[in-house]
There are 2 protein chains.
Amino acid sequence: MENDLRLNILQTAKTLFVNKGYHGMSMREIAEALGVSKAALYYHFKDKEELFLAILRIYLDEMSALLDRLDAQPVPSVEKIRLFVEDVLSQPAEQRATIRLGSQEINQLSPEARQAFGVLYREKFIGKLQRILQDGMDAGELRRMPAETAVWALLGIMFPYFYPAHAQGAPVSTETTRLVADIILDGIAAR
Amino acid sequence: MENDLRLNILQTAKTLFVNKGYHGMSMREIAEALGVSKAALYYHFKDKEELFLAILRIYLDEMSALLDRLDAQPVPSVEKIRLFVEDVLSQPAEQRATIRLGSQEINQLSPEARQAFGVLYREKFIGKLQRILQDGMDAGELRRMPAETAVWALLGIMFPYFYPAHAQGAPVSTETTRLVADIILDGIAAR
DNA sequence: CTCTACTTACTGACCGGTAAGTAAGTAAAA
DNA sequence: TTTTACTTACTTACCGGTCAGTAAGTAGAG
């Protein structure tokens, strides 16, 4: 019970941030959506920025756990990547949108917050992904290229922002998920 | 001379919108950056939304012209796509960021503006791209898949938002551009 | 050649509204 | 009786947008 409101704030704020962006969402809106006073939000979070970072941190932690779990599996790197793509794409759209949110809105924040996020982002997400890709290249499963470029291609496809349908609503269908994984893997696999 | 300020507003506002988002940028900021009064902006543009749309319209027109130019060339679809990727990626980052800006911030706007943009976006950009891709599939150069998914993959890679380096600063190097085009084409080419 | 009427391209002051954030009080639980 | 978890009521700052006014042209009439 005691963390009830805190969790509700995180949930509601995430939805609003995703739909309206950092500056587009107001603290008042969250409060009204939850039926509490605005000041209640400030009991649980120091300021808007801290609330925003808390949301991103939760998602990065989940990503980090997923990547660790996949990396521990006794399968080729290519297979790890396929599982990663399929897992992420089958998440609800709002979930996936969180990482986009972070990358998008990060330069709205204070330098300190930006740096703090940057560290987590690289440690928990990009770094782990890059290592799996690098392993794949070293094992000859993937074509040799700068790991950065491989990450670029992978994430570019996985987190597009072009179709509103991707930002909101239903998860991607299984067929499409598989097709997208194929495209990515054909794009970067060894020839 | 007479459109001088208007063009300067468009230029300055584009930079600010790209860096700070729709709500993150204020009309006051533009005015101050240009050394004119805020009201001068409202002489040239009805409101913030119209200014925003004007910026997007210019970029969509450029894209439209580029796609027409490429489509008119007597080369296979695959080659058209390669040229498209290489052309866009060699644009300055701020230029490329415009399309991201539109997709990102479009749901901040009024329903009318959203619809107006949607029409242009599909007519001048997505539609043309999709037709080139569809031609490629019909000619057997590309693997058969829903044209939407092909567009998704293509644009996802071409307009990523993950590395701040892609959103600002120098254009992508020629090597990287070629590598990225290869990844895309290997991903969607016929096997 | 010049006076009149009008337009273009602004300025500076200001408006209502809303943003983030806070100080002080309170009711219930420990 | 102190701490927890809030609410009420407020401040300060800034937002988009509008207003009346004006300097500098320009175009036509005489």
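Letters A, B, ... are given to chains in the order of the sequence lines, protein chains preceding strands, and every chain is numbered from 1.
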Under 3.5 Å, which donor-acceptor pairs do the side chains of residues 74-81 of chain B form with other protein atoms, sequence neighbours left out?
residue : atom : partner  : partner atom : Å
B/Ser77 : OG   : B/Gly136 : N            : 3.4
B/Lys80 : NZ   : B/Asp71  : O            : 3.2
B/Lys80 : NZ   : B/Asp71  : OD1          : 3.0

request  = Write down the distance between CD (A/Glu29) and C1' (C/dA19), rounded to a whole number of angstrom.
outcome  = 11 Å
Separation of C/dA20 P from A/Leu109 CG (nearest whole Å) = 13 Å
Interatomic distance, B/Glu49 CD vs D/dG17 C1' [rounded to whole Å] = 14 Å
Check residues 28-35 of chain B and write down every donor-acceptor pair under 3.5 Å in which the side-chain atom is one partner and the other belongs to a residue at least two apart or another chain.
residue : atom : partner : partner atom : Å
B/Glu29 : OE1  : B/Ser26 : N            : 3.1
B/Glu29 : OE2  : B/Lys20 : NZ           : 2.7

ask   = Of all the nucleotides listed (C/dA20, C/dT18, D/dC15), which has the minimum atom distance to the side chain of A/Lys48?
value = C/dA20
message = For residues 79-99 of chain B, which residue pairs pass the ring pair (Phe, Tyr, Trp, His ring centres under 6.0 Å) check, not counting sequence neighbours?
response = none
Residues B/Ser173 and B/Thr176: side-chain donor-acceptor under 3.5 angstrom = yes
query = Nearest-Å distance, CG (B/Asn8) to P (C/dA9)?
reply = 14 Å
message = Applying ring pair (Phe, Tyr, Trp, His ring centres under 6.0 Å) as the test, list every pair that has at least one member in residues 94-118 of chain A; sequence neighbours left out.
response = A/Phe117-A/Tyr121
query = What integer distance in Å separates A/Lys20:NZ from C/dA19:C1'?
reply = 13 Å
request  = May I have the distance from B/Ile30 (atom CD1) to D/dC14 (atom C1'), rounded to whole angstrom?
outcome  = 15 Å
request  = If a pair satisfies ring pair (Phe, Tyr, Trp, His ring centres under 6.0 Å) and one of its residues is in residues 48-82 of chain B, list it, with sequence neighbours excluded.
outcome  = B/Phe17-B/Phe52, B/Tyr22-B/Phe52
Integer-rounded Å distance: C/dG17 C1' and B/Asp47 CG = 17 Å
query = Can you find a side chain N or O atom of A/His23 that sits less than 4.0 Å from OP1 or OP2 on C/dA20?
reply = no
note = Per nearest nucleotide of DNA chain C, the residue lying toward the 5' end, B/Tyr43 or A/Tyr42, is B/Tyr43
task = Considering just the side-chain nitrogens and oxygens of B/Arg28, establish if one lies under 4.0 Å of OP1 or OP2 belonging to D/dC15.
result = yes
remark   = Whole-Å distance, B/Lys46 NZ to D/dG16 P, equals 15 Å
task = Would you kindly say whether B/Glu62 and B/Gln95 are connected by a side-chain donor-acceptor distance under 3.5 Å?
result = yes
request  = Mind listing the residues from residues 31-39 of chain A sitting with a heavy atom below 4.0 Å of DNA chain C? Number order is fine.
outcome  = A/Lys38, A/Ala39
query = If you check every side-chain atom of A/Met27, which of C/dT18, C/dA20, D/dC6 has the closest atom?
reply = C/dA20
